[in-house]
Number of protein chains: 2
Amino acid sequence: MCKRFHLKRKTTILDIARELKTAPSTVSRALNGNRRISEETRKEVARVAKRLGYMRNHFASSLRSGKSNVIGVVVPFTDSSFFSSIIRGVEDIVNREGYNVMICQSHDIYEREVKCVEALLEAGVAAIAISVSSEVGNYKHIEKASELGMPLILFDRVVEELDTYSVMIDDYRGAYEAVTHLVSMGYRKVALFIGNREINIFRERYRGYKEAMAHHNLSWNEDYILEVDSSVEAGEAAAKKLLELSDPPDAILSSSDFSALGAMQFLQNRVNIPEEIGIIGFSNEPFTGYVSPSLSTVDQQSQKMGEVVGRSFIELQGENLKQSYPVKTLLRPELIIRESTRRI
Amino acid sequence: MCKRFHLKRKTTILDIARELKTAPSTVSRALNGNRRISEETRKEVARVAKRLGYMRNHFASSLRSGKSNVIGVVVPFTDSSFFSSIIRGVEDIVNREGYNVMICQSHDIYEREVKCVEALLEAGVAAIAISVSSEVGNYKHIEKASELGMPLILFDRVVEELDTYSVMIDDYRGAYEAVTHLVSMGYRKVALFIGNREINIFRERYRGYKEAMAHHNLSWNEDYILEVDSSVEAGEAAAKKLLELSDPPDAILSSSDFSALGAMQFLQNRVNIPEEIGIIGFSNEPFTGYVSPSLSTVDQQSQKMGEVVGRSFIELQGENLKQSYPVKTLLRPELIIRESTRRI
DNA sequence: TTTTCAAGTGGAAACGTTTGCACAAACATA
DNA sequence: TATGTTTGTGCAAACGTTTCCACTTGAAAA
């Protein structure tokens with residue numbers, strides 16, 4: 001008699017074995033598609049399993065086999081268009097291979113990121129995909145996970161020193177192409193809104209900007225390079241600063257759509273966009289297509305990035321402990337040209 | 001000798017017990033805060049556990065105890081501002097109680113929703129929170145989960161027939177207050193963009209609209225009620241239809257910010273907003289504050305909704321099988337008044 | 001003194017799988 | 001005939017916890 005009578009006693013492989021007068025090991029093998037089981041028994045087992053409403057107990061399975069069907073994902077936030085699209089991409093891919101996704105938010109705080117990684121390690125996930133927080137910290141937690149044998153996939157905000165799978169966007173190229181586009185539209189004096197250059201993505205965009213400018217034989221003013229964080233207010237303030245220069249720029253490349261929007265809102269009543277000044281952002285946030293003038297931007301392929309993370313994971317599972325070289329994927333950004341830079 | 005020598009052998013409670021010359025049962029109790037363990041042993045155990053880098057094996061723990069520390073969440077998509085904010089809310093709450101969140105996307109497809117629920121059941125989550133897909137289907141999968149003893153929390157798109165915990169927004173009130181606001185601004189002929197009224201949220205908004213109109217002694221034209229789905233294009237088309245009426249409305253209440261935007265874009269060059277026509281949307285999508293004129297809307301408290309889902313879950317765990325009445329939470333929407341309806 | 005009780009601990013059996021090993025039967029090879 | 005090989009199955013031991021039960025103590029109650 002089942003003591004916890006209020007809960008349905010789940011059917012186990014023992015029940016199936018008993019029904020078929022066979023051994024649980026046979027049932028297990030049949031259900032797992034082991035090829036040493038005859039087609040006949042396999043079908044029988046499947047039939048009885050279905051009839052009894054059998055569901056595999058993943059706890060027992062994972063405990064015994066040491067394998068899990070869950071992949072952990074650590075992001076700064078889930079409610080940001082960029083990261084939520086990535087999550088969608090990962091989920092779309094791994095689901096169809098029978099894996100589930102566990103989410104953990106770091107809130108862009110180092111300490112919480114460490115907690116997330118620990119929680120996922122404890123939860124026994126099959127791998128951890130992580131975009132590191134922008135707060136400065138060390139990477140002990142990631143190294144520790146790696147040493148424990150946990151497969152890792154870093155995406156977007158990557159720590160290049162670590163020898164893991166990684167998926168990034170080619171930020172260098174994104175910035176380079178954005179500048180090239182501006183130049184092709186006749187802009188010459190391009191300003192840059194950039195984030196903390198200790199972080200790989202901003203470092204690369206800065207490099208792309210510089211090299212593109214040099215390539216087009218354009219010099220730039222140090223006053224044109226502004227450290228601006230990703231907010232509408234910061235963009236407004238930065239645009240104000242630019243307008244006050246004795247020789248103001250005729251275009252802005254912003255590392256964030258939000259600060260680009262801020263700049264646009266500040267400039268709107270003062271100069272003509274795109275005739276007198278062009279603005280291009282970064283990320284292709286959903287709103288960029290709806291504001292007016294619509295905002296040109298560099299699309300970061302977030303859903304695609306998620307899909308690549310998912311595929312990297314699948315690949316990595318297949319490899320099964322075989323020590324092989326970690327794959328680094330570099331995604332190609334896409335320039336989205338809209339009204340804010342289209343002067344014909 | 002450990003056979004899988006390439007993987008660190010994890011330390012278990014047995015290792016701790018051996019070290020302290022005590023029994024694994026004691027260690028287990030000490031780690032779980034059982035009060036029949038002396039303070040002294042508890043501390044000893046904690047010390048050794050830390051020194052050996054012990055991590056609880058959740059598979060073994062869950063297998064034995066039948067309890068899980070994972071909560072499953074089913075949403076149509078993760079990359080929509082509304083649902084990703086909900087996820088954030090849930091995560092924020094349950095994390096600090098030591099729970100993790102597993103995500104599954106139904107893509108708003110009935111069949112996939114069923115798959116999601118099955119996957120989460122198999123994964124042995126402690127509870128399932130779900131916003132049902134808008135595709136018509138039956139609720140067998142939800143009833144089945146319920147019968148198996150799985151605690152359920154429905155949110156936003158709720159199936160009212162089911163006797164479960166639920167968290168919804170007061171859509172009736174949202175629509176009612178939106179209409180009242182329009183009337184207070186002097187608008188009289190209010191049109192309504194609405195989704196499929198078989199779904200609770202739209203049914204309620206429709207009701208709110210009707211009652212508010214009646215309350216203000218305003219009659220409305222059947223031509224003013226348009227079934228419009230949540231897209232910019234549908235909004236444009238609907239606005240066009242309205243303008244072609246012999247007696248066009250002077251305000252639009254849209255069930256979606258996207259169709260409100262579409263309408264706004266279509267109307268912008270033809271009539272003055274908000275002087276000649278007022279527009280108000282639903283959801284408070286991030287872009288609504290950035291477009292011009294900025295779009296008034298009804299905020300749906302998505303993050304709050306997630307937090308309430310999380311808290312309901314915690315509460316529900318505490319109850320521990322005690323049969324009690326499921327709590328239904330109704331959140332209060334917030335009217336966000338912006339330029340698109342502010343005529344002074 | 002004996003009995004009762006509480007506090008703290010240990011022993012051992014679960015939980016439901018997977019898997020190494022053994023084995024039987026049937027069949028092919030020498 | 002003897003020897004190997006293949007195919008399918010069963011036995012039993014894990015995996016790392018939790019938890020029921022029993023057992024020591026030492027102290028309080030009778």
Side-chain angles (χ1 to χ4, degrees), chain A residues 1-4 7-45 49 52-69 121-124 126 148-149 320, chain B residues 1-4 7-45 48-49 52-69 121-124 148-149 320:
Chain A
M1 172 71 80
C2 175
K3 253 180 287 180
R4 299 151 81 197
L7 277 186
K8 294 261 179 305
R9 206 181 94 49
K10 299 270 172 59
T11 71
T12 72
I13 53 170
L14 260 87
D15 300 320
I16 301 178
R18 202 176 308 124
E19 189 94 352
L20 288 169
K21 302 201 189 314
T22 177
S25 48
T26 304
V27 176
S28 170
R29 277 188 271 251
L31 291 171
N32 288 325
N34 184 314
R35 67 200 127 126
R36 303 196 50 156
I37 294 292
S38 71
E39 197 51 40
E40 198 190 356
T41 4
R42 193 193 314 287
K43 279 200 184 124
E44 286 270 285
V45 167
L52 299 185
Y54 170 77
M55 299 180 95
R56 171 193 262 101
N57 181 325
H58 273 99
F59 297 127
S61 174
S62 291
L63 172 59
R64 176 60 236 246
S65 68
K67 288 172 192 158
S68 162
N69 70 139
L121 278 174
E122 269 208 353
L148 285 170
N320 231 345
Chain B
M1 171 69 82
C2 175
K3 253 182 285 178
R4 298 150 81 197
L7 278 186
K8 293 264 177 305
R9 206 180 93 50
K10 300 266 172 61
T11 70
T12 72
I13 54 170
L14 260 86
D15 300 321
I16 301 178
R18 201 177 307 124
E19 189 94 353
L20 288 169
K21 300 203 190 313
T22 176
S25 47
T26 304
V27 176
S28 170
R29 277 189 273 253
L31 292 170
N32 289 324
N34 184 314
R35 67 200 126 123
R36 303 198 48 157
I37 293 292
S38 71
E39 198 50 41
E40 197 191 357
T41 9
R42 193 194 314 288
K43 279 199 185 125
E44 285 271 284
V45 167
V48 177
L52 300 185
Y54 169 77
M55 299 179 96
R56 169 194 261 101
N57 182 324
H58 274 98
F59 297 126
S61 174
S62 293
L63 171 59
R64 177 59 236 245
S65 69
K67 289 173 192 157
S68 162
N69 71 138
L121 278 174
E122 269 210 355
L148 285 169
N320 232 344

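Hydrogens, waters and symmetry mates play no part in the numbers below; they use all other heavy atoms, side chains included.
- One finds a side-chain N or O of A:T26 lying less than 4.0 angstrom from the OP1 or OP2 phosphate oxygen of D:dG10.
- The separation between A:N57 atom CG and D:dT17 atom P is 17 Å, rounded to whole Å.
- Side-chain contact check for A:T22 versus A:V27: some heavy-atom pair is nearer than 4.5 Å.
- Proximity note for B:S25 (side chain, C-beta onward) versus D:dT17, D:dT19, C:dG16: the nearest is D:dT19.
- The nearest whole Å value for the distance from the CG atom in B:D15 to the P atom in D:dG16 is 9 Å.
- Side-chain to base pairing of A:R64 with C:dT17: no donor and acceptor N or O lie closer than 3.5 Å to each other.
- Under the side chain to side chain donor-acceptor pair (under 3.5 Å) criterion, A:T41 pairs with A:S38, sequence neighbours left out.
- Between A:S61 and C:dT18 there is a side-chain N or O to OP1 or OP2 distance below 4.0 Å.
- Between A:R18 atom CZ and D:dC11 atom P the separation is 14 Å, expressed in whole Å.
- For residues 19-28 of chain B, the pairs satisfying salt bridge (Lys or Arg N to Asp or Glu O under 4.0 Å) are B:E19-B:R51, with sequence neighbours left out.
- Among the protein residues, A:S62 comes within range of no part of the nucleic acid, since none of its heavy atoms lies under 4.0 Å from any strand.
- Note that CG of A:N32 and OG of A:S61 are 7.0 Å apart. Values are rounded to the nearest 0.5 Å.
- The stretch residues 27-45 of chain B touches DNA chain D through B:S28, B:R29, B:N32, each having a heavy atom under 4.0 angstrom from the strand.
- With rounding to whole Å, A:L14 atom CG is found 10 Å from C:dT17 atom C1'.
- The NE2-C1' distance, from A:H58 to D:dC15, rounds to 16 Å in whole Å.
- For the pair A:N57 and A:T12, the minimum side-chain heavy-atom distance is 4.5 Å or more.
- Here the side chain of B:R29 pairs no donor or acceptor atom with the backbone of B:R36 at under 3.5 angstrom.
- B:K21 has its NZ atom 16 Å from the P atom of C:dT9, to the nearest Å.
- Rounded to a whole Å, the CG atom of B:L63 is 8 Å from the C1' atom of D:dT17.
- A side chain to side chain contact (heavy atoms under 4.5 Å, CB included) with B:Y54 is found for exactly one of B:V48, B:L31, B:D15, namely B:L31.
- Straight-line distance from the CD1 atom of A:I13 to the P atom of D:dT9: 15 Å, rounded to whole Å.
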